[in-house]
There are 2 protein chains.
Amino acid sequence: MRTRDENKEQAIRTKAVEMVVRDGFDGLSMQKLAKAAGVSPATIYIYFKDKEDLIIQVCHQLSARMADATLADFDPDMHFDEGLRRQWLNRARYCLENPVEMHFLEQIRYSPFNEKCHSKTDMRFRNAMKRFVHNAIDRGELQRLPVEVYWSVAFAPLYQLVKFHMSGRGLADAPFEMTEETIDRTLEVVLRGLKP
Amino acid sequence: MRTRDENKEQAIRTKAVEMVVRDGFDGLSMQKLAKAAGVSPATIYIYFKDKEDLIIQVCHQLSARMADATLADFDPDMHFDEGLRRQWLNRARYCLENPVEMHFLEQIRYSPFNEKCHSKTDMRFRNAMKRFVHNAIDRGELQRLPVEVYWSVAFAPLYQLVKFHMSGRGLADAPFEMTEETIDRTLEVVLRGLKP
DNA sequence: CTAAAATAAACGAACATTCATTTATCTTTG
DNA sequence: CAAAGATAAATGAATGTTCGTTTATTTTAG
């Protein structure tokens, strides 16, 4: 029998992400996607059940990649300051190196697709984070806080910086670029708030 | 001549927001919207130039409402702690009282529509914020920070809490509700980080 | 009356998906 | 080793549906 051309599936996935980022969800049509990926419309349905399945599969793939990138060189038993910095740098680097994928995931996160895209990978990732936090609390490196409070303070500022960076503009519509210096300065403030 | 029925325009706006929140941007069709609003499809085009104009106008209306709510009982000359708390409570209350509108605005913010929805109201609002911050720095109530760093630490955590609350679930898929106690606890941490 | 509001019906275009057919590759046979 | 058969990949064309928008007509208030 004829063998699958994996390049075609990946072309479909890649172009789908690009189209959603450029034109929004209503700009993603199966026929235009097929043309962009250099493939017949019917071919898409060999790899994906339907349009929704395509979006969900792409979402899972990208989420897993991002989770992996975030956990690189990270150990839940690290000192809190070091571990948090490692994660900030990992996340920042991933976002800067994959702006389109990042944009796609954010667009998913705030759309009705969000509920359908919860994966088990997220669970593995969350458990690592949970252990990291409890270690830090036990060692007196971190205040005892409700986990949602901790998360909000520890990560939301980073993602806001990333958002500024990706839009290219800061608050007063002034050009903005997120440097490692910016990251460290912000992290300094956050850590001071979180310390016991 | 016949007079405009303002109720019809508002019904169109309201239903449009509901449809986008429930079904996403690709779930908003002019014919379904007309049916939901109890109106003929052609009537929508009396009030709005086209579909894009409809979305942008709705976005502007809701942004203005939210900016107003945020600035209620707020004065840029307030003490930093008091002023920030006032804004947190204002924003939190608005989000909790208008979850659907909030969800709509977030969906806009991460979509390609975002660029087309920048309003002058945002500018007025941003200027008030800028003055508030410079006052606080001059009085020694706040560290001198790049404005994007300040903003990321001062507000992103609040919006993350709101996001948890609106989804109804916290980090470990456990039920989560944002109470005034949660807000104050988080604000405490943030303020500690931002103080000189 | 008049003029704008409101509508029902209709427009071509684009939509997601399917179907009948062709193409490419592996397996079996001589 | 080569030709035939088997099978899934891949396709172009067509399906009926729904899309955003317009037009011709009716309704309603000043």
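None of the values given here were measured: they were computed from a predicted structure.
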| field | salt bridge (Lys or Arg N to Asp or Glu O under 4.0 Å) pairs, two or more places apart, involving residues 183-192 of chain A | value | A:Arg85-A:Asp184, A:Arg185-A:Glu188
Does a salt bridge link [X] with [Y], judged by any charged N lying under 4.0 Å from a carboxylate O?
X        : Y        : value
B:Asp81  : B:Lys195 : yes
A:Asp68  : A:Arg124 : yes
B:Glu106 : B:Arg109 : no

| For DNA chain D, whose closest nucleotide is more 5', that of B:Gln31 or that of A:Ser40? | A:Ser40
| B:Pro76 backbone acceptor or donor facing B:Asn135 side chain under 3.5 Å | yes
| B:Ala72 backbone acceptor or donor facing B:Asn90 side chain under 3.5 Å | yes
| said: Here's a test of your reading of the structure: between B:Pro41 and B:Lys8, which maps to the more 5' nucleotide of DNA chain C? | reply: B:Lys8
| field | Where A:Arg169 and A:Phe176 come nearest, the two heavy atoms and their spacing | value | C-CB, 3.9 Å
| message | Testing the basics here: between A:Asp53 and A:Phe48, what is the closest heavy-atom pair and its distance to 0.1 Å? | response | OD2-CA, 3.5 Å
| field | Along DNA chain C, first and last positions that approach a heavy atom of chain A under 4.0 Å | value | C:dC15 to C:dC26
| field | Nucleotides bounding contact with chain A, strand DNA chain D, heavy-atom threshold 4.0 Å | value | D:dT7 to D:dG12
Under 4.0 Å, counting only non-hydrogen atoms across every strand here, what does [X] touch: a base, just sugar-phosphate, or nothing?
X       : value
B:Tyr47 : sugar-phosphate
B:Leu33 : nothing
A:Leu54 : nothing
B:Thr3  : sugar-phosphate

